[in-house]
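Here is the structure we will look at, set down as structure tokens.
What you see below is based on every heavy atom in this structure, not just the backbone, and it leaves out hydrogens, waters and symmetry mates.
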Amino acid sequence: MNTNDFKTKVFSLSEKIFPMCARLLGNATQAEDAIQEIMLKLWKKRRQFENHPNIEGYVFLTARNYCLDKLKKNRLKIVQDAPFQNISGTNSQQDAMELQELNEIVKKILKQLPEQQRDVLMLRDIDGYEYSEISELLNLKIEHVRVLAARARKHVGLELEKTYCYERGQY
């Protein structure tokens with residue numbers, strides 16, 4: 001794979017993997033550093049995956065694994081604040097506190113999900129990927145991706161319902 005092919009097929013994907021890296025690592029600066037390291041790693045291995053049938057999936061999985069390895073190395077928790085910030089345009093302090101509480105509840109629920117469901121949910125609903133793109137990235141059938149997303153959403157909804165019904169004393 002020559003330089004132009006690498007720029008076209010691999011480096012151009014850096015913008016697509018940035019939201020995932022930022023979400024996993026917790027901030028944009030670390031994500032930018034990670035993407036530089038990932039691209040360097042991929043450049044060194046460019047001959048190995050030159051004829052790979054799913055280069056986008058390979059890049060995505062390499063980035064995901066790099067971020068997870070970095071977290072394990074540093075013994076950091078996965079920080080998932082970014083996707084849920086600024087959901088509401090309200091200014092009231094009570095609304096802000098309620099939103100923060102909801103963010104914490106949703107983060108706990110997401111941590112309970114099986115890894116594939118969590119990945120599909122985050123890619124689809126947070127990062128905005130299409131089902132077909134997620135299917136390619138995770139090397140899954142599109143029907144399976146849809147099922148995983150539906151199950152994840154159902155679980156999140158049920159857990160939120162349990163939490164809020166419990167707080168109101170309805171359980």
(message) If you compare all heavy atoms of Val10 against all heavy atoms of Met39, which two are closest, and at what distance to 0.1 Å?
(response) O-CE, 3.8 Å
(request) Take Leu123 and Leu138, measure what side chain to side chain contact (heavy atoms under 4.5 Å, CB included) needs, and give me the verdict at the end. (result) CA-CA 10 Å; Leu123 286 168; Leu138 298 178; 4.3 Å; yes
(message) Around atom CG of Asn139, are there more than 12 heavy atoms from other residues, nucleotides or ligands closer than 6.0 Å?
(response) no
(message) Measuring from atom CG of Leu148 to atom CZ of Arg153, what distance do you get when rounded to the nearest 0.5 angstrom?
(response) 11.0 Å
(request) In sequence, state the C-alpha distance, the side-chain angles, and the governing distance for Thr62 and Phe49, and then conclude on side chain to side chain contact (heavy atoms under 4.5 Å, CB included). (result) CA-CA 12 Å; Thr62 301; Phe49 67 89; over 6 Å; no
(request) Report the C-alpha distance between Met20 and Phe60 in whole Å, list the side-chain angles of each, state the deciding distance to 0.1 Å, and finish with yes or no for side chain to side chain contact (heavy atoms under 4.5 Å, CB included). (result) CA-CA 9 Å; Met20 177 196 60; Phe60 171 81; 3.2 Å; yes
(message) Between Thr8 and Asn4 (side chain of the first, backbone of the second, donor and acceptor by atom type, cut-off under 3.5 Å), is there such a pair?
(response) yes
(message) Contact between Lys70 and Glu37 at the side-chain level, heavy atoms closer than 4.5 Å - yes or no?
(response) no
(request) Enter the distance from Phe6:CZ to Ser12:OG here, rounded to the nearest 0.5 Å. (result) 9.5 Å
(message) Using a strict threshold of under 4.0 Å (side-chain N to carboxylate O), is an ion pair present between Arg146 and Glu143?
(response) no
(message) To check you understand the geometry: which heavy-atom pair defines the closest contact between Val145 and Val120, and what is its length?
(response) O-CG1, 3.6 Å
(request) Output yes when Glu133 and Lys16 qualify as a salt bridge under the 4.0 Å nitrogen-oxygen rule, no when they do not. (result) yes
(message) More than 12 heavy atoms of other residues, nucleotides or ligands under 6.0 Å from CD of Gln100: yes or no?
(response) no
(message) If you define the side chain from C-beta out and look only at heavy atoms, does anything of Cys21 sit under 4.5 Å from Ile38?
(response) yes
(request) Go through the steps to decide whether Met122 and Leu110 satisfy the test side chain to side chain contact (heavy atoms under 4.5 Å, CB included), and finish with yes or no. (result) CA-CA 9 Å; Met122 299 297 273; Leu110 289 174; 3.9 Å; yes
(request) Say whether Val147 and Tyr131 are linked into one hydrophobic cluster, either directly or through other cluster members, by side-chain heavy-atom distances under 4.5 angstrom. (result) no
(request) Work out which heavy atom in Arg118 is nearest to a heavy atom in Lys111; give both atom names and the distance. (result) NH1-O, 3.6 Å
(request) State, with a plain yes or no, whether a side-chain heavy atom of Lys107 is found less than 4.5 Å away from one of Glu104. (result) yes
(request) Hey, could you give me the CG/CG distance between Leu137 and Asn54, rounded to the nearest 0.5 Å? (result) 7.0 Å
(request) Identify the heavy atoms of Ala152 and Leu121 that sit nearest to each other, and give their distance. (result) CB-CB, 4.0 Å
(message) Check the orientation of His52 and Tyr58. Use parallel for under 30°, tilted for 30 to 60°, and perpendicular for over 60°.
(response) tilted
(message) Around atom CZ of Phe11, are there more than 12 heavy atoms from other residues, nucleotides or ligands closer than 6.0 Å?
(response) no
(request) Identify whether the distance between the nearest side-chain nitrogen and carboxylate oxygen of Arg124 and Glu130 falls below 4.0 Å. (result) yes
(request) Count the heavy atoms belonging to other residues, nucleotides or ligands that lie under 6.0 Å from CZ of Arg46, then report whether that count exceeds 12. (result) yes
(request) Any chance you could measure His155, atom NE2, to Leu113, atom CG, to the nearest 0.5 Å? (result) 5.0 Å
(message) Applying the side chain to side chain contact (heavy atoms under 4.5 Å, CB included) criterion to Gln30, which one of Ile35, Leu24, Leu25 satisfies it?
(response) Leu25
(request) Taking all non-hydrogen atoms of both residues into account, name the closest pair between Ile55 and Lys9 and its distance. (result) CG2-O, 3.9 Å
